[in-house]
Amino acid sequence: MDIAKEIEELTNQALQEIAALGELKALEGWRVLYLGKKSQLTGLLRGLAQLPVEERRAAGALTNELKRLLESSLEEKRAALQSAQVAALQEQGRLDVTLPGRPLLQGRLHLTTQVVRQICDIFKSLGFQVVEGPEVEWDYYNFEALNIPKDHPARDMWDTFWVDYTNEQGQRPMLLRTHTSPMQIRVMEKTSPPVRVVVPGKVYRYEATDATHESMFYQIEGLAVDKGITFADLKGCLFEFARRLYGPDRKARFRCDYFPFVEPGVEMAIDCFACTGAGCRLCSNTGWIEILGAGMVHPDVLRRVNYDPEVYTGFAFGLGVERIPILRYGIEDIRLFYSNDLRFLKQF
Ligand code: PHE
């Protein structure tokens, strides 16, 4: 066969096949077939030596041209397939090397944690120690020991989640603590006076949630028992706390309130920091914002933990934590605290 013809046919066939290839993997097969040791091209190159001298030059030139053409087609196709592959990956969004890196999310303390720490720091500086206690609690600590016997109407003050456990007497003695006050008993049972502790922690109430009610929230309990502690100590301590938390100009007020485990009992309010007493939405036009319940520890409570009420006296207080940032930042729904919405949490 005429070499020029053979080369032309081979060229057509090779170019047609390579054009049809769609994958990088298939390219190697094409290379072996058209440029490999056993290819038709290699055969042609070897055969050149056998040709008569007059034909050799022209045939040699054609064959070499064919070789260059096949080699350059291979490289072009390889480059085209590679960039197609990169483009396909980019299309899937997997690889855009020009995109800036994603910044690492920086963690932060939960708003409640920040406020709990702030309050505990104030009481620490006033000589209190921070302790914690169980959230699943006995009826005895949550109610009985705090002068709230079974069937006492005062239990209605706390809607309770009972743990589904019945003892031999057919009673349900276990619950989720409804306040941090059971820790007053636990601390006094374990230590002898003087006692000065604050107890931050979660408490639970069995109630329908809405913008102002959550079934879980935080309280901080305080307890100080020693010889000679008076109501003036309670007042001095809590007024100082209010000034440190809300600024030196805050006024504070006590009014009588009832809690079975203190006598006398009070509720403490500060003058509204938004309207300084004139009356606004924050303080529901009263000029005052209630921030905690407190009182002198009831003698029966002291007796129950073997503290002699003739020798020792003390005060206790309990405050709701979320109320503080709610008022400070104007947060309109308490449910935002624990629904894990980062758009809310990241603001603090
Ligand atoms: N435990 C009370 C409550 O949850 C608050 C309180 C604590 C009142 C200590 C007086 C003394 O409502």
Side-chain angles (χ1 to χ4, degrees), residues 112 116 119-120 123 126 128 130-135 137-149 152-161 175-188 195-207 212-225 229-231 233-239 241-242 252-270 289-302 304-305 307 309 312-324 334:
T112 302
V116 164
I119 295 170
C120 287
F123 284 108
L126 294 172
F128 288 76
V130 180
V131 297
E132 290 181 327
E135 291 165 29
E137 188 52 283
W138 297 108
D139 180 311
Y140 177 76
Y141 290 105
N142 195 84
F143 290 132
E144 291 283 338
L146 292 166
N147 285 345
I148 315 164
H152 192 284
R155 286 208 178 190
D156 296 347
M157 290 168 80
W158 298 277
D159 300 301
T160 308
F161 280 114
L175 46 76
L176 299 185
R177 66 179 177 192
T178 60
H179 50 179
T180 42
S181 301
M183 276 302 285
Q184 291 185 29
I185 308 297
R186 286 182 175 273
V187 167
M188 288 191 286
V195 168
R196 275 178 185 78
V197 291
V198 283
V199 189
K202 295 187 180 106
V203 302
Y204 300 83
R205 300 275 169 95
Y206 179 59
E207 52 197 356
T212 55
H213 296 85
E214 253 294 12
S215 47
M216 185 281 292
F217 55 96
Y218 279 72
Q219 282 190 340
I220 296 182
E221 192 81 7
L223 176 70
V225 185
I229 287 192
T230 68
F231 196 87
D233 294 308
L234 165 62
K235 194 173 165 187
C237 178
L238 291 180
F239 279 29
F241 160 72
R253 141 190 118 171
F254 274 172
R255 289 201 303 185
C256 287
D257 202 350
Y258 172 71
F259 301 96
F261 37 93
V262 289
E263 180 59 35
V266 294
E267 110 202 337
M268 179 168 134
I270 53 168
I289 295 173
E290 283 159 29
I291 59 166
L292 55 83
M296 300 305 289
V297 181
H298 198 290
D300 286 347
V301 172
L302 293 175
R304 209 166 277 120
V305 294
Y307 282 21
Y312 293 105
T313 49
F315 64 79
F317 57 88
L319 61 91
V321 174
E322 289 82 359
R323 214 173 134 67
I324 292 162
I334 192 174

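As the structure is a computational prediction, the values presented were derived from the model and not from experiment. Order of appearance sets the numbers: ligands from 1, and atoms from 1 within every ligand.
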Provide, line by line, the atom pairs where ligand 1 and the protein bring an N/O atom each to a distance under 3.5 Å; else say none.
from: ligand 1; atom 1: 1 (N); to: H179; atom 2: ND1; distance (Å): 2.9
from: ligand 1; atom 1: 1 (N); to: S181; atom 2: OG; distance (Å): 2.8
from: ligand 1; atom 1: 4 (O); to: R205; atom 2: NH2; distance (Å): 3.4
from: ligand 1; atom 1: 4 (O); to: Q219; atom 2: NE2; distance (Å): 3.0

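- Under the 6.0 Å cut-off for aromatic ring centres, F254 and F231 qualify, their centroids lying closer than that.
- In Y258, the OH atom is crowded: over 12 heavy atoms of neighbouring residues, nucleotides or ligands sit closer than 6.0 Å.
- For D159, there are no side chain to side chain donor-acceptor pair (under 3.5 Å) partners two or more places apart in sequence or in a different chain.
- Partners of R323 under the side-chain contact (heavy atoms from CB on, under 4.5 Å) rule, at least two apart in sequence or in another chain, are I289, E290, L327.
- Shown here are the side-chain contact (heavy atoms from CB on, under 4.5 Å) partners of K202, two or more places apart in sequence or in another chain: E135, Y204, M216, Y218.
- Within the cation-pi definition used here (under 6.0 Å to the ring centroid, within 45° of the axis), R186 qualifies as a partner of Y141.
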